[in-house]
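Worksheet: one structure, shown below.
The chains referred to below are lettered A, B, ... by the order of the sequence lines, with proteins before strands, and numbering in each begins at 1.
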There are 2 protein chains.
Amino acid sequence: MRTHAADGSLDELVELQLRRADLRYTEGRRRIVDMLASSEHPVSFAEMITSLPQVPKSSAYRHLMVLEGAGIIRRIAATDGFARFELSEVLTEHHHHLLCTSCGRVFDVTPSASFERTTARMVAELVDQFGFSPVSHSLDVVGHCADCQ
Amino acid sequence: MRTHAADGSLDELVELQLRRADLRYTEGRRRIVDMLASSEHPVSFAEMITSLPQVPKSSAYRHLMVLEGAGIIRRIAATDGFARFELSEVLTEHHHHLLCTSCGRVFDVTPSASFERTTARMVAELVDQFGFSPVSHSLDVVGHCADCQ
DNA sequence: AGTTGTAATGAGACTGGTTCTCATTCTATC
DNA sequence: GATAGAATGAGAACCAGTCTCATTACAACT
Ligand SMILES: [Mn+2]
Ligand SMILES: [Mn+2]
Ligand SMILES: [Zn+2]
Ligand SMILES: [Zn+2]
């Protein structure tokens with residue numbers, strides 16, 4: 001998932017958002033954000049430390065918690081029990097996921113505008129019955145990816 | 001979530017489905033199925049062994065795997081990292097979930113028929129772009145429940 | 001009823017992903 | 001450059017979940 005912010009401005013946006021919470025945009029955190037920004041699909045923790053051997057495990061876990069807490073990244077529960085991570089939608093764009101139950105991978109799919117209008121209406125309908133206050137929604141499709149048929 | 005099968009027939013349906021895979025519908029498995037059938041919301045493992053102290057932990061985990069494998073129950077990834085379990089949709093009815101990020105609870109919501117027609121159309125649209133073969137979908141709303149506002 | 005093969009059970013050991021600890025090192029601000 | 005709070009990293013600790021293995025229950029046959 002590409003960012004829709006111009007390449008140069010992503011770092012600035014992240015730094016700003018961290019500053020707001022008295023947090024620093026340090027080397028390790030930058031490495032993780034850059035990695036997620038350039039990844040074609042949501043990334044598992046294992047993939048992450050493999051491709052970023054400079055970042056120690058204990059620190060990487062902490063960075064993920066900090067970045068998630070600051071709303072910079074989002075955690076996705078995949079079908080294999082291992083979470084995946086991606087930039088949050090304020091830094092990319094709203095989209096949905098295809099979850100493969102064979103290999104565990106997660107794929108991004110961006111719906112059309114009319115699609116999203118319909119979804120928003122449906123979410124409102126669901127929530128009304130319950131006094132629930134919605135923050136976000138996710139329409140996940142579970143099945144088998146092209147590689148795993 | 002109530003079952004739509006008449007009370008008496010649920011056990012028969014489950015037994016049949018297990019038999020098909022040369023599995024037995026034993027005491028412990030029955031306890032878990034009954035518990036899920038009478039529960040108002042998806043149940044975490046902790047809740048489960050608390051309310052079923054007769055079922056040992058190691059057996060309970062195994063029962064859940066067997067029942068999930070046989071398509072009798074479904075595992076839901078909640079926002080707190082702990083899975084929840086419910087009867088699968090062949091035994092209840094298709095529905096969606098409201099996930100509270102404050103308390104971690106999961107609520108069932110049953111959409112209207114027209115709602116589901118629309119959703120099905122949208123899922124087909126998403127999947128086409130990817131050569132992905134869909135098995136099921138889930139439209140989850142993340143936010144705060146009435147208790148946690 | 002007895003035999004046999006396979007499924008199921010349960011206590012406890014074990015695993016490995018994740019979190020915690022703590023001593024040390026940065027970094028923003030005064 | 002002094003100070004305080006944030007960040008770091010190695011390793012210990014934790015604990016949900018899995019595995020092992022000896023035992024028991026069950027179904028299908030003779
Ligand atoms: Mn995504
Ligand atoms: Mn449900
Ligand atoms: Zn796959
Ligand atoms: Zn709540």
Side-chain angles (χ1 to χ4, degrees), chain A residues 11-12 14-35 42-85 104 106, chain B residues 11-12 14-35 42-85 104 106:
Chain A
D11 275 356
E12 291 168 28
V14 172
E15 177 143 37
L16 208 85
Q17 199 152 341
L18 284 171
R19 274 272 129 69
R20 222 172 279 157
D22 278 309
L23 298 168
R24 297 169 194 161
Y25 194 25
T26 56
E27 184 66 16
R29 291 169 188 179
R30 192 179 306 270
R31 282 214 165 92
I32 287 174
V33 168
D34 288 351
M35 195 253 185
V43 180
S44 69
F45 184 78
E47 288 177 80
M48 188 138 96
I49 54 165
T50 299
S51 79
L52 297 178
Q54 315 93 339
V55 182
K57 262 182 16 171
S58 66
S59 299
Y61 275 113
R62 233 179 344 213
H63 294 327
L64 290 174
M65 303 246 275
V66 167
L67 293 170
E68 187 185 13
I72 291 159
I73 67 174
R74 170 162 70 141
R75 181 186 302 259
I76 300 163
T79 58
D80 60 3
F82 298 97
R84 302 293 196 284
F85 299 89
V106 179
Chain B
D11 275 356
E12 291 167 30
V14 172
E15 177 143 36
L16 207 84
Q17 199 151 342
L18 284 173
R19 274 273 129 70
R20 222 172 281 157
D22 279 307
L23 298 168
R24 297 171 192 159
Y25 194 26
T26 57
E27 184 66 17
R29 292 170 186 177
R30 193 178 306 270
R31 281 213 165 93
I32 287 174
V33 168
D34 289 350
M35 195 252 186
V43 180
S44 69
F45 184 78
E47 289 177 82
M48 189 140 95
I49 54 165
T50 300
S51 80
L52 296 178
Q54 315 95 338
V55 182
K57 258 184 18 172
S58 65
S59 299
Y61 275 115
R62 234 178 345 213
H63 294 326
L64 290 174
M65 303 245 276
V66 167
L67 293 170
E68 188 186 12
I72 290 159
I73 66 174
R74 170 162 70 143
R75 182 186 303 259
I76 300 163
T79 59
D80 60 3
F82 297 97
R84 302 293 195 284
F85 299 89
V106 179

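- Rounded to an integer number of Å, the gap from R29(B) CZ to dA25(D) C1' is 12 Å.
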What pairs of donor and acceptor atoms, side-chain ones from residues 44-61 of chain B against any protein atom, are under 3.5 angstrom apart with sequence neighbours left out?
{"unit_1": "S44(B)", "atom_1": "OG", "unit_2": "E47(B)", "atom_2": "N", "d": "3.2"}
{"unit_1": "S44(B)", "atom_1": "OG", "unit_2": "E47(B)", "atom_2": "OE2", "d": "3.2"}
{"unit_1": "E47(B)", "atom_1": "OE2", "unit_2": "S44(B)", "atom_2": "N", "d": "3.0"}
{"unit_1": "T50(B)", "atom_1": "OG1", "unit_2": "A46(B)", "atom_2": "O", "d": "2.8"}
{"unit_1": "S51(B)", "atom_1": "OG", "unit_2": "M48(B)", "atom_2": "O", "d": "3.4"}

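- Atoms CZ (F82(B)) and P (dC15(D)) sit 10 Å apart, rounded to a whole Å.
- Using a 4.0 Å cut-off on heavy atoms, the residues of residues 51-71 of chain A that approach DNA chain D are P56(A), S58(A), S59(A), R62(A), H63(A), listed by number.
- Contact check for L64(A) versus E68(A): no side-chain heavy atoms found under the 4.5 Å cut-off.
- Among all heavy-atom pairs drawn from R29(A) and L67(A), the shortest one is O-CD1, 4.3 Å.
- Across all non-hydrogen atoms, the minimal contact from R75(A) to A83(A) is CG-CB, 3.8 Å.
- Between I49(B) atom CD1 and dA16(D) atom C1' there is a gap of 10 Å when expressed in whole angstrom units.
- Heavy-atom minimum distance, L18(A) versus R24(A): CD1-O, 3.8 Å.
- Between D80(B) and G104(B), the closest heavy-atom pair is OD2-CA, 4.0 Å.
- Geometrically, R19(B) does not engage Y25(B) in a cation-pi contact defined by less than 6.0 Å to the ring centre and at most 45° from the axis.
- Under the side-chain contact (heavy atoms from CB on, under 4.5 Å) criterion, A77(A) pairs with A77(B), sequence neighbours left out.
- How far CD of E15(A) is from CD1 of I72(A): 10.0 Å, rounded to the nearest 0.5 Å.
- Look at CE on M48(B): it is 13 Å from C1' on dG17(D), rounded to the nearest Å.
- The salt bridge (charged side-chain N to carboxylate O under 4.0 Å, His left out) search around R62(A) returns none, not counting sequence neighbours.
- Taking atom CG of L23(A) as the reference point, atom C1' of dT27(C) lies 13 Å away to the nearest angstrom.
- The CD-P distance, from E27(A) to dT27(C), rounds to 10 Å in whole Å.
- Across every non-hydrogen atom of R84(B) and A78(B), the tightest pair is NH1-CB, 3.6 Å.
- When the P atom of dG17(C) is taken as reference, atom CZ of R84(A) falls 13 Å away, rounded to whole Å.
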Table of protein N/O atoms under 3.5 Å from nucleotides 26-30 of chain D N/O atoms:
none

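- Protein atom CG of D80(A) is 15 Å distant from nucleotide atom P of dG17(D), rounded to whole Å.
- One end of the helix from dA1(C)-dT30(D) to dC30(C)-dG1(D) points its axis 30° away from the other end's axis, with each axis taken from 5 pairs and the angle rounded to 10°.
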